[in-house]
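The residues of the chain are indexed from 1 along the displayed sequence. Numbering of ligands and ligand atoms starts at 1, following listing order.
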Amino acid sequence: MKPVNVAAISDTGRVREANEDSFLVDLDLFIFAVADGMGGHVAGEIASATAIEALRANVANGVDIASSISKANVAVRAKAKSQEELSGMGTTLTAMGFDKNDSLAIAHVGDSRAYLYRITNPETNEYVFERITKDHSLVEELVDIGEITKEEADVHPRRNVVTRALGIGDDVEVDTYNIEFKIGDRYLLCSDGLTSMVRDEDIEEIIKAQQSPKECAQELVRKANNEGGSDNITVVVLDVLSESVAKPDSINSASSISPQEANLKKYSKKGRIGFSARVALAALVLFALLFGAFKTLEHYSTQGYFLDEIDGQVVLMSGTKDGAFIWEPKVDTQTGLEFEKLSQGDQLRVERNTQFDSRQDALNLLEAMRNRQSTAPEIEILDPNEPVIPNEPGLSTSPSITIQQGTSVSND
Ligand code: MN
């Protein structure tokens with residue numbers, strides 16, 4: 001019997017043109033991961049793919065998972081420096097595998113998540129369903145300090161702003177969780193394209209109801225697309241079938257010095273330096289951390305786009321809604337769409353200030369909104385007495401646009 005049964009799907013979704021997510025399923029190395037890339041053009045795809053490959057290569061060399069993620073950060077940084085158009089790219093990375101024989105390690109940076117579903121009592125069907133990881137995101141931090149509730153976080157316009165990612169700084173802090181796995185456990189790794197579309201309760205229902213990891217993965221992706229599919233959706237579903245899941249030989253025969261030992265050596269060396277040097281070092285480390293956090297925030301607060309309504313007109317703004325800290329959003333495009341003429345769903349999208357990583361994604365949705373508007377029934381209810389104003393070139397917000405669209409509807 002195979003020790004695990006695993007299925008993975010990465011789907012572009014219904015709005016994006018490209019898929020910037022990547023995943024890893026390697027049964028030989030026993031390593032599984034999801035990465036969600038960010039950056040203009042092809043940069044996001046390259047960021048996530050680079051991180052995944054670096055993770056795999058390091059695990060294959062016997063490096064533990066958390067250190068492999070740190071090394072993946074170095075790889076993403078190096079790749080970004082190699083080409084102008086890749087500069088500033090970043091990615092999340094959430095990985096699962098074995099560090100020690102008996103425990104499963106889940107390590108991550110960013111807002112791609114890991115969940116566990118475990119039946120605790122098969123007779124009564126009692127179970128636990130829990131999120132293992134904690135998002136490195138602005139909204140999760142706001143929830144932590146009590147600024148907003150979890151429910152508010154789910155619909156928060158800045159919910160896709162991450163506070164930690166690979167590619168942003170020379171060093172990255174990796175969170176690691178160790179889990180005593182059990183036969184029957186079902187693990188889910190996923191990008192935020194799933195969790196921003198599908199509520200935890202619905203993920204739980206699907207995880208519980210679906211027989212196989214494959215059916216489960218398919219159903220999760222289908223649900224995210226049904227809910228709008230506004231981002232790339234990537235899921236890895238893994239069932240533990242046997243307790244004989246053991247560390248593969250390639251990891252047991254790892255090089256003689258483990259990364260933990262390397263770290264210990266580094267610390268003991270630090271311990272020998274004088275007190276004042278240690279204070280200076282601590283100050284330097286603190287400064288580096290603060291600076292890194294600042295750069296990360298700047299990076300994710302000044303890039304990105306969102307929809308807004310100004311004087312009844314739909315506008316595309318660049319930056320982050322309400323400005324993030326000191327970075328104020330700017331008007332990018334006057335779309336010429338009138339808020340009142342949008343379908344109800346699209347009005348909600350504008351009211352909620354739907355956010356986009358790339359300008360192209362925003363333009364794609366606006367195009368879809370324009371098309372939906374011209375076929376929306378409410379547009380047919382035009383006031384026949386309203387004078388037809390000739391279309392003036394360059395005046396994209398003139399009312400004549402609306403009337404033209406109304407006319408085209410009546411031709412259908
Ligand atoms: Mn995403």
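- Between Asp154 and Arg159 there is no salt bridge, since no side-chain nitrogen of the basic residue lies less than 4.0 Å from a carboxylate oxygen of the acidic one.
- A salt bridge is defined here as a Lys NZ or Arg NE, NH1 or NH2 lying under 4.0 Å from an Asp or Glu carboxylate O, and Arg131 with Glu140 meets this definition.
- The existence of a salt bridge linking Asp175 and Lys134 is excluded, since no basic side-chain nitrogen approaches an acidic carboxylate oxygen closer than 4.0 Å.
- Salt bridge Lys182/Asp185: absent, no basic N to carboxylate O contact under 4.0 Å.
- With waters left out, the protein N, O or S atoms under 2.8 Å from the Mn ion (ligand 1) add up to 3.
- Salt bridge Glu219/Lys223: absent, no basic N to carboxylate O contact under 4.0 Å.
- Around atom CD of Gln211, no more than 12 heavy atoms belonging to other residues, nucleotides or ligands sit under 6.0 Å away.
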